[in-house]
Amino acid sequence: MLVSTEDRNTAGATSSQALDGRAPHAPVAAASSKVSIRGVHRRFAGKRGADVHAFGPVDLEIGNGEFLCLIGPSGCGKSTLLRAIAGLVAPSEGSIEIAVDAARQPIAMVFQDYGIYPWKTVEANVRFGLQLAGVSRQEIGRRVHKWLELLRIEDFAKAYPHTLSGGMRQRVAIARALAVEPQILLMDEPFAALDAQLREILQDELLALWQADRRTVVFVTHSLEEAIILGDRVAVMSSRPGQIVEVVDVPFERPRTGALRNRPEFGQLRGQLWQLLQSEIEPTRTSGQGE
Amino acid sequence: MTALRPRGAALEGTDSTVLVRQPGPQELHPRRTRGRRRALELTLAIGIPVALVGLYQLATSQRWIDPRLYPTLDEMGRNTRDLWNSGQLWDAIYISCKRALIGFLFGAGGGAIVGYLMGASRLLRAALEPTLSMLYTVPKLALLPVFLTIFGFGERAIYVLIAVTVFFFVWISTMAAVMSVAVGYREAASTFGAGRWQMFRHVLLPGALPQVFVGLRIAASVSILVLVGVEFVIGSSGLGYLINQGRNLLLLGQAYVCIVIVAVIGYLFMALVRLIGRLLMPWAPEDNAIGPQ
Amino acid sequence: MKADRLRLTRLGGVVAAAIAVVIGLAACSSSGTGGGGGGPSASPAVIVPVAGCGAAAHTDPTDRSNNRTIARCSSGAPAPQKLLQPHTVVIAGASKGEYSAPVLLGMAKGEFAKENLTVKFVQMPSSDATVQLASGKVDAALAAPYVSFTNGVASGLDLKLTLANYSPQYGGDATKPQSGLWVRRADFADPQKPDLAQLKGKRICNTLGNGTVSVYWMQKAVQAAGISLKDVTWSALQPADCVTALQQGAVSAAYLLDPFWTQIKNQTDKYALAAVQPNEPNGAILYGPNLLEKHRDVGEAFARAYIRTINTYLGPGYHQNATVVNDLAQEIGVEPSAITNGYELKFEWEWRSGILDDIQKTYLELGTQKAAVIPEDKLVDRSFYNQAVGYNGK
């Protein structure tokens with residue numbers, strides 16, 4: 001059951017783009033749209049001189065306080081899209097508008113690898129973003145302590161990352177990002193390098209953390225289960241050049257817990273998403289099902 | 001630990017042998033095995049140089065090689081004692097070390113600064129790299145007469161020559177180190193809004209430091225090499241001078257003894273740089289790439 | 001695994017045992033000092049008179065006066081005596097200069113070939129030459145009795161000085177600008193009359209440091225002024241750099257060789273010639289064990305050709321002989337004018353008596369020679385040139 005409706009929280013319309021390249025239904029930009037992605041393309045010079053069209057056109061509205069998951073086949077450009085939101089790359093065409101409160105830290109990002117610095121202790125890593133922002137020493141101390149506790153790594157405050165396991169390191173990365181209390185949190189497959197059990201544990205923890213303060217999150221992942229358990233909506237991207245195929249509502253109410261995984265509706269939604277995704281991965285096998 | 005125990009008559013296509021995995025001595029007596037292995041490694045590490053020295057002593061005392069051209073160990077010992085008593089040896093060690101250290105500090109300091117700047121700025125790199133690369137390959141010892149003319153015949157010319165040689169080594173390895181700081185680290189800092197100075201201080205400087213120190217260790221031994229070469233040419237003091245004089249005066253014992261001393265000093269210098277590196281970088285893993293433990 | 005472990009332990013044991021054996025042997029064996037070699041070489045049995053070389057072919061070796069006569073034979077004498085077998089003689093020299101003429105010109109003119117000798121000239125620093133000579137890797141050296149030579153003989157190396165090289169045209173005459181010890185007038189209290197005593201504590205530049213032969217006459221000069229060469233600091237630099245150092249004031253005095261002194265010869269207001277080589281040879285041919293003992297006949301043949309070259313091409317006035325000058329210029333790789341612009345060298349083959357005592361005394365004072373003064377007969381073997389010119393000691 002695909003539901004493309006108005007989003008609960010915003011007046012912004014979702015956009016769906018059929019694969020045959022029909023012009024998108026121009027969204028009505030709502031005042032409370034946190035991130036507005038309009039007609040964005042990203043191209044870069046390829047190895048043999050020809051341009052590589054990473055993704056585009058992409059239109060997407062992300063609401064304030066929304067947890068949006070982005071899934072798609074490898075190489076579809078979802079990570080690049082995330083980096084464009086972060087400001088690490090600029091769009092080749094189109095624009096991304098991010099409504100922020102200037103007084104607060106706008107964005108923080110959690111990477112899959114190479115996030116935290118091996119030459120800083122855990123505490124120094126978490127402190128990093130706050131130092132750059134010029135926050136007062138006292139406030140830094142308070143926040144660092146708070147987030148170390150919340151991520152349950154306060155015992156490792158003085159340790160260096162190379163003594164920690166992968167899971168612990170990602171906790172540090174998340175703590176570092178959340179310590180600056182960003183308005184938008186971008187996460188690029190943060191749990192991809194972890195084993196399945198640890199992944200679930202961290203998903204549950206992230207869920208709890210997020211449900212406490214509900215900041216806007218854009219979460220890129222390969223895992224359908226992860227997208228469903230965490231997200232309010234799941235945007236499915238096509239293969240390269242990536243475009244938004246469908247934005248699917250996740251109808252489960254909040255607050256959620258990990259137990260959601262066992263419910264039959266979870267499996268059904270997962271199956272639907274898989275069908276969408278499968279047609280992107282093996283386009284020759286689509287036979288007109290769905291959109 | 002495997003043992004093959006064939007069992008019964010061999011039938012075609014059946015598993016007639018049994019592979020056995022059992023504890024071996026390493027599992028049964030881990031401490032003893034480890035201890036033995038370490039003892040063996042230590043014996044070899046010390047024993048081989050000692051054996052070579054003993055072999056040399058044997059060769060000279062048994063006249064396999066001409067002891068007039070290859071002095072025996074006691075003669076070298078005598079030479080050392082004479083040199084020490086006359087004060088020449090200490091003076092030479094002191095002045096050679098001083099030259100190497102001062103030249104190294106200036107050269108390494110300059111090389112690190114330029115390396116960091118060029119590593120961080122693409123524009124600077126494009127601007128300066130061709131010129132510096134060309135200068136790198138000019139043998140500095142060949143430039144010595146030019147330096148002597150510019151800086152005079154005193155210590156300054158020697159410091160400059162050593163500093164210039166060290167500069168190029170440190171510059172290249174530092175620049176490479178900075179450029180190889182993973183782009184992911186830089187991106188993370190960017191997303192937190194790091195400016196140029198903050199990027200340098202929090203990411204590039206510490207991130208490149210391990211590899212910078214590898215370059216510094218190489219530069220330390222290079223500075224000793226250049227020093228001895230310089231002291232050959234400007235012969236008035238230092239260990240290089242003593243070596244050359246030993247050659248000229250046919251006091252070969254003196255020459256060999258001073259060569260050994262130079263080698264020891266080079267080793268100690270590298271070890272010192274390594275130690276400083278370890279103190280500055282508590283996060284870096286043990287690396288035995290070059291130099292002593 | 002167990003087998004591997006056993007093997008490793010056994011290997012370790014064997015290695016440790018081997019190390020112990022080697023060390024034990026080394027410790028037990030006595031280290032003998034150098035010995036052997038170096039007595040006076042066997043003299044030839046019979047000395048026959050040589051045509052073209054009469055009484056003038058021998059002079060009293062103790063005569064070191066400025067106006068002494070130099071030994072000479074007529075051109076083409078002594079005549080070649082071809083060796084039965086062809087031989088190659090490898091001779092080491094620090095450089096190719098006018099002073100190498102008796103060897104290089106002799107090679108070019110075929111004088112050595114007439115003796116059935118092929119001569120190979122190899123360039124190497126003089127300190128290396130001594131070692132190569134003693135180990136038999138080269139047969140002779142065109143060098144000088146450096147302290148490496150005396151130290152070497154003292155330690156038992158088999159080396160002898162057998163032929164002299166040249167005396168300077170104006171030997172002993174410091175009023176004539178030439179190669180020698182030049183000083184900076186400005187560094188002395190009275191620039192018009194530099195007092196060598198004021199070199200005390202100052203720097204002298206030369207190329208070979210304080211182990212070179214010229215120290216003995218430099219020492220005489222400064223001793224006449226009241227100090228010793230021990231009181232100066234030595235700077236060893238390349239010849240060209242010594243000139244620069246003197247000009248820049250980095251050193252107060254410099255021993256300048258040909259042709260480097262010509263760069264300052266016209267600035268007698270700034271520089272003065274304080275001391276020069278006396279009228280006696282300082283350079284010489286050194287023989288190693290190959291020519292002294294193993295192939296004495298080859299050593300004699302070499303000496304003959306060397307002397308004949310001097311008598312035939314390098315007598316007084318050889319700078320006016322265009323053929324000689326051109327050939328020599330070609331051999332050493334310079335323009336003929338570079339040769340004729342300088343003074344003629346007085347080539348001679350006889351070594352003066354007493355020089356080596358003076359030299360060694362100075363070495364001992366400077367601390368470069370370790371053994372006591374070695375008597376001349378252990379350092380010099382005059383039998384080669386005596387036999388070549390037919391002088392039988394009477």
Side-chain angles (χ1 to χ4, degrees), chain B residues 1-3 22-27 33 36-37 39-41 43-44 46-48 50-63 66-69 71-75 79 82 86 88 144-145 148-149 152-154 232-237 241 244-252, chain C residues 1-2 5 8-9 11-12 15-16 18-20 22-27 29-35 37 125-128 130-131 134-135 146-152 155-157 203 205 208-212 233-238 240-241 244-245 248-251 363 367-370:
Chain B
M1 195 53 211
T2 65
Q22 275 177 359
Q26 198 168 354
E27 289 71 41
T33 318
R36 274 206 194 135
R37 185 189 304 143
L40 179 64
E41 287 171 3
T43 310
L44 286 176
I46 296 182
I48 298 228
V50 168
L52 288 174
V53 168
L55 200 60
Y56 177 81
Q57 169 70 351
L58 199 62
T60 53
S61 58
Q62 297 297 316
R63 305 272 201 287
D66 192 342
R68 298 170 303 189
L69 300 177
T72 60
L73 286 179
D74 9 306
E75 188 179 332
N79 289 145
D82 290 341
S86 72
Q88 273 185 301
L144 185 57
L148 288 177
T149 318
F153 284 78
F232 265 43
V233 177
I234 308 185
S236 52
S237 56
Y241 168 69
N244 204 21
Q245 191 196 44
R247 243 174 100 216
N248 283 337
L249 271 39
L250 214 60
L251 303 169
L252 295 170
Chain C
M1 225 3 186
K2 194 169 199 158
R5 196 99 301 239
L8 202 55
T9 329
L11 173 66
V15 169
I19 291 172
V22 170
I23 296 177
L25 274 176
S29 63
S30 61
S31 55
T33 53
S126 39
S127 49
D128 296 338
T130 315
V131 176
S135 55
Y146 300 124
V147 71
S148 54
F149 170 64
T150 50
N151 275 342
S155 70
L157 295 182
R203 301 191 129 206
C205 179
L208 295 175
N210 58 2
T212 184
T233 321
W234 291 88
S235 254
L237 296 172
Q238 295 300 302
D241 297 332
T244 321
Q248 285 195 347
V251 299
Y363 287 159
T368 51
Q369 179 163 321
K370 300 301 173 186

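In this text the structure is predicted, and so the values were computed from the model without any measurement. Here is how names work: the chains are called A, B, and so on, in the same order as the sequence lines, proteins then strands, and each is numbered from 1. For the numbers below, each heavy atom of this structure counts, side chains included, while hydrogens, waters and symmetry mates do not.
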With respect to chain B, which residue among C:Asp128, C:Thr150, C:Asp241 yields the maximal number of heavy-atom pairs within a distance under 4.5 Å?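 The residue among C:Asp128, C:Thr150, C:Asp241 with the greatest pair count is C:Asp128.
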
For the candidates C:Gly152, C:Ser126, C:Gly367, C:Ala245, which exhibits the highest count of non-hydrogen atom pairs separated by less than 4.5 Å from chain B?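 Highest number of heavy-atom pairs under 4.5 Å: C:Ala245.
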
Answer yes or no: is there a side-chain heavy-atom contact under 4.5 Å between [X] and [Y]?
X	Y	answer
B:Asn79	B:Leu251	no
B:Gln88	B:Asp82	no
B:Leu73	B:Val53	yes

Whether C:Thr368 side chain and C:Tyr363 backbone form a donor-acceptor pair below 3.5 Å: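 Present.
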
What part of C:Thr130 lies closer than 4.5 angstrom to a heavy atom of chain B: side chain, backbone, both or neither?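 C:Thr130 touches chain B through side-chain heavy atoms alone.
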
